[in-house]
Amino acid sequence: MTNAAPVDNTQRLSGLARKLVVDGLLTEDQARQAQENATKKKTSFVAQLVENKTLDAHAIAETGANEFGVPLFDITAIDMDVLAIKAVEEKLIRKHHAMPLYKRGNRLYVAISDPTNLHALDEIKFQSALTVEAILVEHDQLTKIIDKAMAAHETTMVDLNDTDLDDLDIVGGDEDLNSDSNDSEVDDTPVVRFVNKVLLDAINKGASDIHFEPYEKVYRVRFRQDGMLAEVANPPVALATKMTARIKVMSRLDISEKRVPQDGRMKMTLSKNRAIDFRVSTCPTLFGEKVVMRILDPTSAQLGIDALGFEAEQKEKLMKAVFQPYGMVLVTGPTGSGKTVSLYTCLNILNQPDRNISTAEDPAEINLPGINQVNVNPKAGLTFASALRAFLRQDPDVIMVGEIRDLETAEIAIKAAQTGHMVFSTLHTNDAPQTLTRLANMGVPPFNIASAVSLIVAQRLARRLCSHCKQPVYIPPEALVEEGFLEDEIEDITIYKAVGCDKCNDGYKGRVGIYQVMPISENMSRLIMENCNALLLADMAKKEGVADLRTSGLRKVKAGMTSLEELNRVITV
């Protein structure tokens with residue numbers, strides 16, 4: 001009796017699975033289990049392997065390319081603007097996890113991650129009426145490209161059935177405003193739902209600003225996340241006027257006036273405990289009105305001083321100045337560097353029933369109960385200076401001036417600090433020492449500066465590295481020294497780089513403050529009285545142990561909070 005030949009179990013596996021087993025990249029059990037799970041979940045074999053981290057996406061792609069003779073392509077190198085996304089319906093792209101890359105004549109090149117998915121190619125061929133050529137790409141890279149392309153594609157107008165949109169309560173507009181205007185220009189339900197969806201998406205993604213921008217042939221929507229602008233949608237150009245009109249109605253703006261800039265506000269109530277304010281600005285451009293909406297989340301002022309990124313020594317200096325009975329604390333930095341949040345955080349700490357706190361702002365960005373907030377209105381004669389004079393007649397303890405822009409405001413603020421009041425304000429200068437010379441250049445006498453200003457905070461905001469995907473990177477010691485690190489600290493330092501994953505934005509998530517906290521010492525007061533320049537003040541600050549912005553930033557890099565590239569973006573060497 002002859003023995004039966006041994007059964008080759010790999011014969012039961014599909015082409016790609018069998019090849020992966022033969023090459024030793026998978027065991028038979030792993031391959032069979034992945035196939036069964038893929039069938040149950042109605043997903044592809046490749047997706048199952050990658051999502052469960054059974055096998056690296058690059059190894060699968062290389063094996064598939066060699067086995068089936070399909071060209072392998074790095075899809076991250078492609079320009080998103082040239083994708084032939086309109087050649088295939090969105091539901092097919094999602095269903096088959098396939099992305100049309102480009103069209104040449106009657107030939108369409110489609111990116112796929114599973115070379116055995118012939119059914120997908122057949123359906124795309126039938127729907128597009130084009131000859132389809134497969135291009136193999138790594139599964140995780142393809143997923144990112146599809147998500148980005150779908151988010152930016154105009155078909156976002158179709159996907160508006162979110163139940164969240166029905167529960168939104170938006171206050172600030174007047175539906176009867178300009179009742180003589182054409183109601184059809186505003187009352188367009190798809191447009192209303194799309195605008196609501198954009199606002200909700202921006203809040204969920206943690207964006208700080210929303211830009212609605214009309215151009216000759218395209219209309220784009222961009223979010224500013226962690227300080228960086230990114231395109232999120234391209235609605236049809238024909239909807240530009242209707243969308244602008246809708247936002248104007250919600251913000252109590254004149255929808256019939258399209259020739260001059262306008263400013264307004266609105267509030268979106270998300271739940272009983274949370275409401276988001278929007279500051280709205282319109283500006284006429286060549287092809288319509290551009291609208292920018294600043295998202296003002298009141299919870300940002302309640303984060304607490306520890307969440308802002310101050311080092312222990314810096315926090316101690318700041319708190320000592322904040323709790324003084326009188327004096328002036330100035331916060332300086334460019335637009336978007338977090339000055340307002342820093343000031344509101346300090347005010348929130350001082351916001352107690354035994355203190356009278358008043359603020360003059362242009363405009364008041366965050367509403368804080370217990371604080372008397374005034375919006376300046378120069379057209380009506382309510383300037384920073386006139387608001388300050390009014391505050392001084394109302395028994396104040398703490399005063400906050402949104403910005404010192406002129407000599408009159410500076411003089412009144414300094415006199416208030418000299419007469420028993422705590423004053424907070426901002427200036428636009430590059431660092432703390434330059435703030436003092438800026439006041440002198442405005443015309444404030446040096447003795448007034450020396451006697452009134454107690455502390456200056458210069459700050460920047462850097463994107464924070466994602467804790468899930470950041471990776472160590474080797475940088476030569478001489479390069480680290482050139483960046484500003486000391487030679488004796490290089491040996492034990494680990495520098496991280498941004499990578500990018502599904503939990504972050506290009507390797508970053510959130511932001512961290514970089515600060516220069518400079519108390520005005522007796523030596524500095526003496527230099528100010530001698531009318532010295534910013535360089536001498538900076539040298540004195542360094543001698544007294546005040547870290548400049550670059551040094552504070554390098555500490556954040558050393559702690560793994562941000563990358564050298566990001567530090568160099570916000571602070572030059």
Side-chain angles (χ1 to χ4, degrees), residues 79-86 90 148-162 165 168 170 172-205 207-225 228-268 276 278-295:
D79 184 355
M80 292 283 292
D81 294 333
V82 304
L83 290 176
I85 191 169
K86 294 183 180 179
E90 180 186 357
K148 275 188 178 181
M150 291 299 101
H153 189 44
E154 67 186 35
T155 52
T156 49
M157 287 294 292
V158 179
D159 185 23
L160 293 176
N161 295 319
D162 299 359
L165 301 181
L168 293 181
I170 299 177
D174 184 353
E175 296 294 343
D176 295 327
L177 184 66
N178 305 312
S179 56
D180 295 335
S181 64
N182 187 1
D183 290 340
S184 63
E185 186 179 19
V186 180
D187 188 17
D188 192 312
T189 302
V191 170
V192 171
R193 293 181 66 79
F194 179 72
V195 171
N196 289 353
K197 181 175 173 59
V198 169
L199 302 186
L200 198 60
D201 285 349
I203 293 168
N204 291 335
K205 291 182 178 180
S208 60
D209 300 87
I210 311 169
H211 293 239
F212 297 86
E213 301 169 315
Y215 297 96
E216 185 176 11
K217 295 181 179 178
V218 295
Y219 185 68
R220 71 177 179 182
V221 180
R222 293 192 291 173
F223 290 168
R224 187 179 293 279
Q225 294 174 259
M228 305 294 285
L229 276 171
E231 190 171 307
V232 295
N234 291 108
V237 180
L239 293 179
T241 305
K242 291 183 177 181
M243 290 175 62
T244 302
R246 171 59 187 167
I247 296 169
K248 281 183 164 184
V249 165
M250 292 191 299
S251 311
R252 289 198 178 105
L253 299 179
D254 185 353
I255 64 173
S256 64
E257 180 56 78
K258 303 176 183 180
R259 299 165 298 174
V260 296
Q262 297 186 63
D263 294 299
R265 292 180 74 97
M266 55 169 279
K267 177 179 285 189
M268 176 183 283
I276 304 292
F278 293 84
R279 194 177 76 200
V280 182
S281 172
T282 70
C283 183
T285 66
L286 285 177
F287 303 104
E289 290 178 279
K290 175 178 177 176
V291 180
V292 176
M293 306 180 75
R294 168 67 57 87
I295 302 173

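Fair warning: this is a prediction, and the values are worked out from it, not measured in the lab. When reading the values below, keep in mind they use all heavy atoms of this one structure, side chains included, and skip hydrogens, waters and symmetry mates.
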Note to self: Using every non-hydrogen atom in the two residues, find where Y219 and P214 come nearest and quote the distance to one decimal.
What the structure shows: CD1-CA, 3.4 Å
Checklist line | Shortest non-hydrogen contact from P284 toward R259 | finding: CG-O, 3.4 Å
Next item on the list: Go through the steps for F223 and V198 under the test side chain to side chain contact (heavy atoms under 4.5 Å, CB included), then give the verdict.
Entry: CA-CA 9 Å; F223 290 168; V198 169; 3.8 Å; yes
Next item on the list: Mind listing the closest non-hydrogen atom pair of V260 and T282 along with its distance?
Entry: O-OG1, 4.4 Å
Notebook entry, point to check: Measuring from S281:OG to R265:CZ, what's the distance to the nearest 0.5 Å?
Noted result: 13.0 Å
Notebook entry, point to check: So how far is it from F212 CZ to M293 CE, rounded to the nearest 0.5 Å?
Noted result: 6.0 Å
Margin query: Ignoring hydrogens, what is the shortest heavy-atom contact between S251 and V280? Give both atom names and the distance.
Written below: OG-CG2, 3.2 Å
Item checked: T285 OG1 to K290 NZ distance, which is reported to the nearest 0.5 Å -> 8.5 Å
Next item on the list: Enter the distance from I247:CD1 to L253:CG here, rounded to the nearest 0.5 Å.
Entry: 10.0 Å
Check: Any idea which heavy atoms bring K248 and E257 closest together, and the distance?
Finding: NZ-O, 2.8 Å
Note to self: How long is the straight-line distance from CZ of R224 back to OG of S208, given to the nearest 0.5 Å?
What the structure shows: 6.0 Å
Check: Say you draw a straight line from NZ of K267 to CE of M250; how long is it, rounded to the nearest 0.5 Å?
Finding: 15.0 Å
Next item on the list: Just do the side chain to side chain contact (heavy atoms under 4.5 Å, CB included) check on K258 and T244 with the steps written out, would you?
Entry: CA-CA 10 Å; K258 303 176 183 180; T244 302; over 6 Å; no
Notebook entry, point to check: If you take all heavy atoms of A245 and I255, which pair is closest and at what distance?
Noted result: O-CG2, 3.6 Å
Notebook entry, point to check: Going through the distances and angles, do F278 and I210 end up as a side chain to side chain contact (heavy atoms under 4.5 Å, CB included)?
Noted result: CA-CA 10 Å; F278 293 84; I210 311 169; 4.2 Å; yes
